[in-house]
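A, B, ... follow the sequence lines: proteins, then strands. Residue 1 opens every chain.
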There are 2 protein chains.
Amino acid sequence: MKLTSKGRYAVMALVDLARFDNINPVSLRDISLRQGISLDYLEQIFSKLKKNEIVKSIRGTQGGYVLNKNPNEIKLTNIFHAVDEKVKTVQCKKESKKGCNGKATKCVTHNLWDELEVHINTFFENKSLKDLLNNNQETRV
Amino acid sequence: MKLTSKGRYAVMALVDLARFDNINPVSLRDISLRQGISLDYLEQIFSKLKKNEIVKSIRGTQGGYVLNKNPNEIKLTNIFHAVDEKVKTVQCKKESKKGCNGKATKCVTHNLWDELEVHINTFFENKSLKDLLNNNQETRV
DNA sequence: TATAAACTTGACCATTTTAGTCGGGTATGT
DNA sequence: ACATACCCGACTAAAATGGTCAAGTTTATA
């Protein structure tokens, strides 16, 4: 199971972006400064976000990134998926149905991880960028 | 966030143990063979489970491990906690309340990870070893 | 009482993942 | 032209993971 700071940074950066992209594109430099995330690392992350059509880029001076969808359409699942954070726990071969560890039967925890995966994914399905924006209004800079 | 095979092995091993400890203690060697987990690695795991009073050990020939509680009293939370699987996502300093990344305000995702942590922990609070035993009766060896 | 089964402890280690850095690009507004 | 900003791929130090290995101690039982 992976849920590390790459996913966290992606969310932080997108929330930042959502707040400031009303008129102009937002540069990674600004996000980097405001959120305290390395610029080079942000570029890696945004490259993936772009490939997954979560953001659009505008090159050249005064360029930057803008959201490609409404904040309420961007679910956290989408974000994590984009940056390769796999919310995934089962090491067992899924396709085989039985025989997780070379044995003839499903390993005893197989169903458990499946359930957990669903549980977590549901949580992320139901959270959008918009929810985070509202949630943090009071602590806004 | 960590939820790796150490936690998975711990659960697998304890389910195995719960099935076979009716009369005699169960040796790690047997668990190792049945579950396909390295004996040396199991020893590390059980050392922690013992420290956390989830199992008891009986030394000497015919020795092994037995559960220290009823299966329905052993929650998955307890197991993961014992083997140092931290179901924990926030990198931010919790105690500081504000100032996650050296900034003056809470980072925008702070509340999110708190929520997720609660969400996952609830899942594990509500699952006991007994649930897993029942769940897998049909695929039993 | 010798022996083997089983737990106990701690050090060690190869591989993979993480969280970046670095160095070069290319596009474009002014 | 030039500075700003995106683009892209290679590289890397440090940590985590998933173990192995060695050298014990304890105790049932033949």
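If you measure from atom CG of B/Asn24 to atom P of C/dC7, you get 13 Å, rounded to the nearest angstrom. A/Lys48 places its NZ atom 13 Å from the P atom of D/dC8, with the value rounded to the nearest Å. Between the P atom of D/dG9 and the NZ atom of A/Lys51 lies a distance of 7 Å, rounded to the nearest Å. In this structure, B/Arg59 atom CZ and D/dT29 atom C1' are separated by 18 Å, rounded to whole Å. In this structure, the CD atom of B/Gln44 is 12 Å from the P atom of D/dG18, given to the nearest Å. Counting to the nearest Å, the C1' atom of D/dT17 and the CD1 atom of B/Ile45 are 12 Å from each other. For B/Leu42 and C/dC7, the CG to P distance is 10 Å, given to the nearest whole Å. When rounded to the nearest whole Å, the span between CG of A/Asp40 and P of C/dG25 equals 16 Å.
Here B/Phe46 lies out of heavy-atom contact (under 4.0 Å) with every strand. Counting non-hydrogen atoms under 4.0 angstrom, B/Val26 reaches the backbone sugars and phosphates but no base. Using a 4.0 Å heavy-atom distance criterion, A/Ser38 is classed as a sugar-phosphate-only contact. Within 4.0 Å of B/Ser47, counting heavy atoms only, lies no atom of the nucleic acid at all.
Counting heavy-atom neighbours within 6.0 Å of B/Glu53 CD, excluding the residue itself, gives a total of 12 or less. Shown here is A/His81, whose NE2 atom has no more than 12 heavy atoms of other residues, nucleotides or ligands within 6.0 Å.
Counting all heavy atoms, side chain and backbone alike, B/Leu17 lies closest to B/Tyr65 at CD1-O, 3.2 Å.
For A/Glu43 and D/dC7, a side-chain-to-base donor-acceptor distance below 3.5 Å is present, hydrogens and geometry of angles not being considered.
For B/Tyr65, no side-chain nitrogen or oxygen approaches OP1 or OP2 of C/dA6 to under 4.0 Å. When the side-chain nitrogen and oxygen atoms of B/Thr61 are compared with OP1 and OP2 of D/dT26, none of them lie within a distance under 4.0 Å. Taking only side-chain nitrogens and oxygens, B/Tyr9 comes nearer than 4.0 Å to OP1 or OP2 of D/dG19. Contact annotation: B/Ser57 side-chain N/O to C/dT8 OP1/OP2 distance is under 4.0 Å.
Helix bend of the helix from C/dT1-D/dA30 to C/dT30-D/dA1: the angle between its two end axes, each built from five pairs, comes to 10° after rounding to 10°.
Between A/Gln62 and B/Lys50, it is B/Lys50 whose nearest contact on DNA chain C lies nearer the 5' terminus. Mapped onto DNA chain D by nearest heavy atom, B/Ile58 and A/Gly64 fall at different nucleotides, with A/Gly64 at the one closer to the 5' end.
Using the six-membered ring where Trp is involved, B/Tyr41 and B/Tyr9 have ring planes that are perpendicular, over 60° apart on the 30 and 60° scheme.
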